Structure formats: structure tokens, C-alpha cells
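Below is one structure, written out as C-alpha cells; the observations come after it.
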Amino acid sequence: MEPLLQAACDLAVRYRTGEPDRAPRAAATGQDAYALFAGPVPEAGEDALATLTALAEAAGPGLHDTTGDRFFGWVIGASHPVGVAADWLTSAWGQNPGLHFVGPAGVAAEKVAGDWLLDLLDLPREASVGFVTGATMANFTGLAAGRSEVLRRAGWDVEADGLQGAPRMRVLLGEAAHSTVFAALRYLGFGRSQIETVAADAQGAMDARDLGRRLADGGPALVIAQAGQINTGAFDPFEEIAAHCRRAGAWLHVDGAFGLWARACPDRYRLTRGLELADSWASDAHKWLQAPYESGFVIVRDRTAHRRAMSISASYLPSQDWCHNPSDFSPELSRRARGFAIWALLRHLGRDGIADMVSRHCALARRIGARLGKAPGIAVLNEVVLNQVVLAFGEGAGADRLTRAVIEEVQRRNAVFVEGARWQGREVLRISVISAPLDSRSADRLCDEILAAWQTVQARQSAAIPAQ
Ligand SMILES: Cc1ncc(COP(=O)(O)O)c(C=O)c1O
């Protein structure tokens, strides 16, 4: 065993310390990467070290460098070394934290990490916390608790009687909600045509007045607000939204996959004002806390509703009277002991370290937005309130094509990593500043690369247009 684990450690160290010179984009396409793994079902086994070496060789070309200081794609944390080290131990220990008597240490770490998260994010200290794979499942879990409670108040026991024949329940969410919320709702029995989308402004923040008008129609309702829109980083107006929900008796859930972390940062806290009035919240530790994947968490004010929606019982699993059984608060029974890495990261970074990191990333986003926004032909389409910057290039009918061309040119140069999206009917270049190692040097390099790519695209365009 020892040479094998040591070899894995050596490979990991070599990978992580090789970052400065590594191009951020994977050399292999998805298809190439597939070819490196594919083959017939292994019939005879293989030596352990040989298997590990084969794994590293197969994976290498298909790895994007998400942990280095050149990565601005999507909203992806950097798998912090302390989280990685804690995660190695988690794997080595092989604990199952579903139940206190099955994995006492894993459960204890989750309980303490949960309490720390409530404190750091300044959410109700008596709320329950469930650890899940990511924000998709955190949304699922919070919404399951909401569905249970809203229907219970309408005289229906969804855990006993399911959804068929249940009172009609309304689901309302902003039109710029993340796609995974629609997925979570689908898993809970709410199809797209049953969801009412509430208008949003140009930043993607929900129009609270539109929500108020819709809720005035009455009926049991679940409302989903958002902290941190995936493109713009915008925050919904929670105080007004919460007031409408309170009047209507609706359950308010907040998807804060990355934006919830603004509450851990004194200079961003104001963006979240009123968010604490919600009933449930979803977030990711594998985003702004930099935990290794898979690590999300859900917080529910009403722990009875949370437990009712999630608890699993079986005759061979004695119930616990000690504080809490994690399987009562997440969709799985057996799973990874996520609390170890979260506990270690919270301890290592501390309140100040988390606040500094979030604040630094937001300041870098403002720096990038300010510099690129001054360049001729580049438009910053969002108010840079958090870590996101949305860019469009050129004007008029050809702008989408030019923006796409700039993204492709940045990718071809492969000195920084960015990607695109469609936002408000336009092609855009998205920048996410959330990876722990990013600093002013990396932000400046990003700007240099985007400006150089824009120059190349413009030069190509001028060359293609014949002189008059
Ligand atoms: C706002 C928002 N909600 C939900 C999700 C889904 O999170 P995960 O991929 O961790 O499940 C994301 C992912 O980026 C997000 O940004």
C-alpha cells in the first residue's frame, strides 16, 4: 500500500507544483480524452502502481488547469491544498457520515462545520445544515423541505401521499435563475410549464414588484430567489421579496451557490441584505471556499421540515438521540465525509482569510471591468458588484461574431482561460474571478490577453474588408 499512496502523492504534488508553466486549457478535446481512457473491459487485473500510472497518463491531456492562476472560466474554485490534503485523509479513512454511530468523527466534523458556516454566513444559528454534492442538490434539498412544509400547511402530507392529487402548489422564480434550479424542481415533480417565471432586470435580478403582483393571486407557493447570478453576479432584492413571501405565506428559498459567500465578507455583505429572512439557502463549498469537488450544503430554518423531507429510517439503523444524523438532512445515506475538508478549510482560512479572499476577488473583478471597459469597442455589460464580468465586443449586427472570435482567439493563445455564454440575447465573454490563487498579476495578464485577442480580431477584420 505504501508505495502506491506515496506515488499518488508524488503525482499530485508534481501536478500542483507544475502550475506556473502550464497552459490553462486541456490539450485534449473530450473525444481525445475518451480515446485515452477507452478500451475493452479489463479481464485480468493489473499491478496497482501500473494502474495508477495509467490513470495519470490517461487523465493528463484532458485536465483543464482550474487550480492555477490563469483560470477565469465558469464559477470554479481551485481545490485548495488544505482541502485536497483533508480529502486524501477522508478517502484513506473511508468513513460514512450518514449516521452518528457509523461514522462518529465524520458526523462530528459536519456538525461543527455546519455551526461554523451558520456563524460565518450570519444565518439563523438554530437552522439545520445538510452536506451534499453541490448547489444543484442543495437546491433540491431546500426545495424538498419547502415543498413538504407548504403542502403540510395546505393540509397535505407529501411524504405519505406523494404529489398526485395534492393541492396545486405554485412555484415562482426569476427568469435569470440558474438552469440547475429547473432541474431540481423537475426532480421534485414540477415540470417547466408549471413554473412561473418572474421578470428580471438587465442584471438578472428579480423584479420584486412583479413577484408581489403574482403572489397576490394567492395559493400555496414556493419562491426561489438568487444570490449571485451566474453571468453578472447580481443579487435579488431580498428584503422586498421576503416581505411579499411573508404576506403570501410562501416559502422563500435562496440559490446562493457562490453569492452566499458575500455574507462572509464585510465589504460585500450589504448585497445580501434581507437574504436572512428566507426559509432555506443553498450554496457550494467547492466554489468560494475552494473545497475539492463534491461539496455543497443546504441550510433550512425549519429543521423539522428539513428532516421530514429527507430522513431515512430502517430497522437495522437505530435512531439517534445525540444531536443529529446527517442522513436526516441530505438525500443520501452513504456518502463521502464532506465535513472533514470543510472543517479543515474553515479552520485554515479562518473568518478573516475567507473575507479577504472574497474581497480580493471582487476587487480584481472591478479592476478587470474598469480596464477593459475603457478599451475602444469593448462593452462591460454588467455592474461589477461581485466577481463576475460580462463583456461584448464591437457593435451592431456583427458584434456576436466578433465576441465569439475574441473568445476563440483567447482560447487559441491559451495563456488564460475564459469562456462565453448567451446573455440578454447577445454572445458574451464571461469572466469569473473565484479561483483562490488569482491576484493582480493574473488579472492584468487576463486583460492583456483579451486586449491582444481583440486587436488580432480587429486586424483580421480590417484585412478582410477591401479598401474603398
Ligand atoms: C447560481 C448557481 N446555482 C446553482 C449552481 C449549480 O451548482 P453545482 O454545479 O455545484 O451543483 C451554480 C453553478 O455554477 C450556480 O452558479
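Sequence positions, counted from 1, serve as the residue numbers for this chain. For ligands, and for the atoms within them, numbers begin at 1 and follow the listed sequence. None of these values were measured; they are calculated from a predicted model.
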For Gln31, does the CD atom sit with more than 12 other heavy atoms under 6.0 Å from it, leaving out its own atoms? no
Among all the protein's non-hydrogen atoms, which is closest to atom 4 (C) of ligand 1, and how far away is it? Thr180 OG1, 3.2 Å
May I ask you to check if Arg192 and Phe182 form a cation-pi contact, with NZ or CZ under 6.0 angstrom from the six-membered ring centre and within 45° of the axis? yes
Which of the atoms of ligand 1 are close to Lys287, meaning less than 4.0 Å from one of its heavy atoms? 7 (O), 8 (P), 9 (O), 10 (O), 12 (C), 13 (C), 14 (O)
Under 4.0 Å from any heavy atom of Phe258, which atoms of ligand 1 are there? 16 (O)
Walk me through whether Trp74 and Phe258 qualify under ring-ring contact (aromatic ring centres under 6.0 Å, His included). CA-CA 11 Å; Trp74 306 298; Phe258 57 106; over 10 Å; no
Check if His286 has a non-hydrogen atom at a distance under 4.0 Å from any atom of ligand 1. yes
According to salt bridge (charged side-chain N to carboxylate O under 4.0 Å, His left out), who are the partners of Glu419, at least two apart in sequence or on a separate chain? Arg25
What are the atoms of ligand 1, with element, lying closer than 4.0 Å to any heavy atom of Ala135? 4 (C), 5 (C), 6 (C), 7 (O), 8 (P), 10 (O), 11 (O)
Got the closest protein heavy atom to atom 3 (N) of ligand 1, with its distance? Asp255 OD2, 2.7 Å
When only distance counts, is Asp284 in polar contact with ligand 1, meaning an N/O pair under 3.5 Å? yes
With heavy-atom distances below 4.0 Å as the criterion, list the atoms of ligand 1 near Gly228. 1 (C)
Which of the atoms of ligand 1 are close to Ile230, meaning less than 4.0 Å from one of its heavy atoms? 14 (O), 16 (O)
Looking only at protein heavy atoms, which one is nearest to atom 11 (O) of ligand 1, and what is the separation? Thr136 OG1, 2.6 Å
Verify the neighbour count for atom CZ of Arg441: are there more than 12 heavy atoms of other residues, nucleotides or ligands below 6.0 Å? no
Do any nitrogen or oxygen atoms of Asn139 come within less than 3.5 Å of a nitrogen or oxygen of ligand 1? no
Heavy-atom closest contact (Leu185 atom, Leu173 atom, distance): CD1-CD1, 4.4 Å
Heavy-atom neighbours of Arg153 CZ exceed 12 at 6.0 Å: yes
Phe37 atom CZ, neighbour heavy-atom count above 12 within 6.0 Å: yes
